[in-house]
Amino acid sequence: MQPDPSPAALSVTNLSSGYGLAAILRGISLSVAAGEIVSVLGRNGAGKTTLLKTIMGIVRAEQGDVWLGGKRISGLAPNEIAMAGIGYVPQGRAIFPSLSVLENLRVTQFAQGKGSDRVEELIELLPALKPHLSSRGGGLSGGQQQILALARALVGHPKLLLLDEPSEGIQPSILDTIIEVLENLMKREPLSILLVEQNLDFATALSHRAYVMEMGRIIRTIDHDELDASSQLARDLMLAS
């Protein structure tokens, strides 16, 4: 198979997947350009989480292709996809609650084969973690856990970050901090982000554009100006039956 000619950091073409006999994704195609933040919007059950899991290889694709920076990664195991350059922050964050913040980062460092300098760099980049390095992950607030989950995903210097509902269960005041963290990351590191969200204000604050999913399909693409100026339109699309 020829390499994907698109310059996109991520290119997904005609992707379908599901669980057993239950089809969830139905011919999804989307792209994320280098340095771009793209949101996938939609109500619960639209297939957004399954999309990220299929890109990550956690759910097997039944058809279609996923390309990362021109390299086909479809069919690789999740750990191989992570090593190829995708960082994944799942819904619920999936940190190690019994380990300290620093231990959470060190475990990922060893798994990714990175040096300790990367962990130290991230601690400087995410100063909210500094006062809590010896604290158990499970004892952190929701916002602090989300920042830790981001840091863990960034240890491997990913080209693409997949974020699943990062605003879930987090106070609005803390969301501003997370927005600032992500914006600073985009300025300092060559990174693209695919963001699954239901919080329109959060998604609009970060995204260059958005896709709307319904029943396992992309039903609309919205550029940033339209998303920002016509939030009611986006709400209508997300709630459409």
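Since we're looking at a predicted model, the values are computed, not measured.
Residues satisfying the side chain to side chain contact (heavy atoms under 4.5 Å, CB included) test with R136, not counting sequence neighbours, are none. Listed by chain and residue number, nothing satisfies the salt bridge (Lys or Arg N to Asp or Glu O under 4.0 Å) test with E80 (two or more places apart in sequence, or in another chain). Among residues two or more places apart in sequence or in another chain, the side chain to side chain contact (heavy atoms under 4.5 Å, CB included) test is passed with Q63 by N14, S16. Taking K187 as the reference, nothing meets the salt bridge (Lys or Arg N to Asp or Glu O under 4.0 Å) condition, with sequence neighbours excluded. For the salt bridge (Lys or Arg N to Asp or Glu O under 4.0 Å) test, no residue two or more places apart in sequence or in another chain qualifies with E62. Applying the side chain to side chain contact (heavy atoms under 4.5 Å, CB included) rule to S17 yields the partners L25, T50, T54, V59; only residues at least two apart in sequence or on another chain are considered. Judged as a side-chain hydrogen bond (donor to acceptor under 3.5 Å, both in side chains), and not counting sequence neighbours, S74 has no contacts. Applying the side chain to side chain contact (heavy atoms under 4.5 Å, CB included) criterion to S141, with sequence neighbours excluded, gives Q144. Residues that satisfy the side-chain hydrogen bond (donor to acceptor under 3.5 Å, both in side chains) test with H157, not counting sequence neighbours, are R118.
Counting heavy atoms from C-beta on, the side chains of L195 and L182 never come closer than 4.5 Å. N184 has its side chain out of reach of L126: every pair of non-hydrogen atoms, C-beta onward, lies at least 4.5 Å apart. Taking the side chain as every heavy atom from C-beta outward, L175 and N199 approach each other to under 4.5 Å. With a 4.5 Å cut-off on side-chain heavy atoms, I179 and F202 count as touching. Here the side chains of L154 and L191 are in contact, with some heavy-atom distance below 4.5 Å. Using a 4.5 Å cut-off on side-chain heavy atoms (C-beta onward), I193 and M186 make contact.
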- Could you go step by step and tell me if E214 and R220 meet the salt bridge (Lys or Arg N to Asp or Glu O under 4.0 Å) rule? CA-CA 9 Å; E214 180 185 328; R220 177 128 187 185; over 6 Å; no
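When hydrophobic clusters are built by joining Ile, Leu, Val, Met, Phe, Trp and Tyr residues whose side-chain heavy atoms come closer than 4.5 Å, directly or via intermediates, L160 is not grouped with L122.
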Acceptor/donor pairs from residues 34-41 side chains to any protein atom, 3.5 angstrom cut, sequence neighbours excluded:
residue: E36; atom: OE1; partner: A33; partner atom: N; Å: 2.8
residue: E36; atom: OE1; partner: R209; partner atom: NH2; Å: 3.3
residue: E36; atom: OE2; partner: R209; partner atom: NE; Å: 2.7
residue: S39; atom: OG; partner: S207; partner atom: OG; Å: 2.4

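Taking Ile, Leu, Val, Met, Phe, Trp and Tyr as hydrophobic and joining them when side-chain heavy atoms fall under 4.5 Å apart, one finds V107 in a cluster with F96, L99.
The salt bridge (Lys or Arg N to Asp or Glu O under 4.0 Å) pairs that include a residue from residues 153-182 number zero, where partners must be two or more places apart or lie in different chains.
Counting only distance, with no hydrogens or angles, the side chain of Y211 and the backbone of S31 share a donor-acceptor pair below 3.5 Å. For the pair E103 (side chain) and S100 (backbone), a donor-acceptor distance under 3.5 Å is present.
Considering L162, I86, L68 in turn, I86 is the only one that fulfils the side chain to side chain contact (heavy atoms under 4.5 Å, CB included) rule with I81.
Between K48 and E197, none of the side-chain N atoms (NZ, or NE/NH1/NH2) sits under 4.0 Å from a carboxylate O, so this pair counts as no salt bridge.
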